Amino acid sequence: MLLPTAQLMVDTHSISAEIAATDESRSRGLMQRQSLPPDHGMLFVFQEVGKPCFWMKNTPLPLSIAFIDAQGVIVNIADMQAHSLDSHCPAGPVIYALEMEQGWFRQHQVKAGASVKNLPRP
């Protein structure tokens with residue numbers, strides 16, 4: 001499935017993100033992906049603010065996820081292990097979630113409270 005992409009600014013870092021904005025694309029996510037290009041991720045866009053949880057079934061790539069509120073502020077970041085059924089949930093209401101290769105946020109010193117710009121509208 002080919003998804004639209006967007007260039008996002010995460011704090012001061014530019015990334016390319018595939019946009020998962022439909023039920024089908026959000027359900028599939030990064031399942032079956034063996035790798036990601038550098039500075040590339042997937043942005044999940046929800047229609048309503050909520051507390052969506054994520055798991056890693058059928059995802060062989062360890063990922064980090066940033067939960068982002070409607071103002072583009074990162075609420076919290078979690079590391080997710082490949083093929084894990086553990087749930088990872090936002091610490092507060094969000095409308096976006098950004099998955100990157102595990103450790104990307106830490107390597108770029110991006111923490112909760114950082115801003116994400118150029119987000120598409122839900």
Side-chain angles (χ1 to χ4, degrees):
M1 170 185 328
L2 291 176
L3 297 175
T5 60
Q7 287 301 124
L8 304 179
M9 289 299 294
V10 179
D11 203 14
T12 61
H13 309 282
S14 179
I15 66 153
S16 178
E18 296 176 49
I19 308 297
T22 65
D23 287 341
E24 181 183 4
S25 63
R26 285 190 301 264
S27 293
R28 181 152 178 81
L30 291 171
M31 285 183 183
Q32 313 303 337
R33 299 276 185 102
Q34 300 297 320
S35 64
L36 285 173
D39 299 320
H40 187 94
M42 181 170 283
L43 180 71
F44 295 80
V45 181
F46 297 92
Q47 301 307 309
E48 298 177 3
V49 173
K51 289 189 171 183
C53 296
F54 286 71
W55 61 342
M56 295 286 287
K57 183 178 181 183
N58 300 321
T59 307
L61 188 61
L63 301 170
S64 295
I65 187 167
F67 294 101
I68 306 163
D69 70 15
Q71 288 72 45
V73 176
I74 296 176
V75 173
N76 65 297
I77 298 170
D79 286 339
M80 304 187 296
Q81 301 309 315
H83 299 291
S84 172
L85 297 180
D86 293 344
S87 286
H88 300 277
C89 305
V94 299
I95 198 157
Y96 304 100
L98 176 61
E99 291 181 341
M100 300 291 290
E101 187 173 356
Q102 190 172 93
W104 187 93
F105 297 102
R106 187 171 36 260
Q107 290 166 2
H108 292 84
Q109 300 178 343
V110 174
K111 298 178 180 170
S115 65
V116 181
K117 294 186 175 37
N118 302 332
L119 291 163
R121 291 184 174 236

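Note: hydrogens, waters and symmetry copies are ignored here, and every other heavy atom, side chains too, is used. These figures come from a predicted structure and were not determined experimentally.
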Mind jotting down which residue pairs meet the ring pair (Phe, Tyr, Trp, His ring centres under 6.0 Å) criterion with at least one end in residues 15-41? Sequence neighbours excluded, please.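 Output for this query is empty, none listed.
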
side-chain hydrogen bond (donor to acceptor under 3.5 Å, both in side chains) contacts touching residues 87-96 (sequence neighbours left out):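 side-chain hydrogen bond (donor to acceptor under 3.5 Å, both in side chains) check on residues 87-96 returns no pairs.
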
In chain order, what residues pass the salt bridge (Lys or Arg N to Asp or Glu O under 4.0 Å) check against D86, with sequence neighbours excluded?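 D86 satisfies salt bridge (Lys or Arg N to Asp or Glu O under 4.0 Å) with no other residue.
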
Could you name each residue pair satisfying salt bridge (Lys or Arg N to Asp or Glu O under 4.0 Å) that touches residues 58-84, not counting sequence neighbours?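 Those involving residues 58-84 are D79-R106.
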
Give every residue pair that meets the salt bridge (Lys or Arg N to Asp or Glu O under 4.0 Å) criterion with at least one member in residues 36-58, sequence neighbours excluded.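 Salt bridge (Lys or Arg N to Asp or Glu O under 4.0 Å) check on residues 36-58 returns no pairs.
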
Any residue meeting ring-ring contact (aromatic ring centres under 6.0 Å, His included) with [X], in chain and number order, not counting sequence neighbours:
X: F105; result: none
X: H108; result: H13, W104
X: F67; result: F54

All side-chain hydrogen bond (donor to acceptor under 3.5 Å, both in side chains) counterparts of T59, not counting sequence neighbours: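 Not a single residue meets the side-chain hydrogen bond (donor to acceptor under 3.5 Å, both in side chains) criterion with T59.
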
Restricting to side-chain contact (heavy atoms from CB on, under 4.5 Å), what partner residues turn up for A6, sequence neighbours left out?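 side-chain contact (heavy atoms from CB on, under 4.5 Å) check on A6 returns L8, I19.
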
Q32: side-chain contact (heavy atoms from CB on, under 4.5 Å) partners, not counting sequence neighbours: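 Here the qualifying residues are R28, N58.
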
Should we say atom CD of Q109 is surrounded by more than 12 heavy atoms from elsewhere, each under 6.0 Å from it?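 Atom CD in Q109 is not crowded, with 12 or fewer foreign heavy atoms closer than 6.0 Å.
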
Which donor-acceptor pairs under 3.5 Å do side chains of residues 111-120 form with protein atoms, sequence neighbours excluded?
unit_1 : atom_1 : unit_2 : atom_2 : d
S115   : OG     : K117   : NZ     : 3.0
N118   : ND2    : Q7     : O      : 3.4

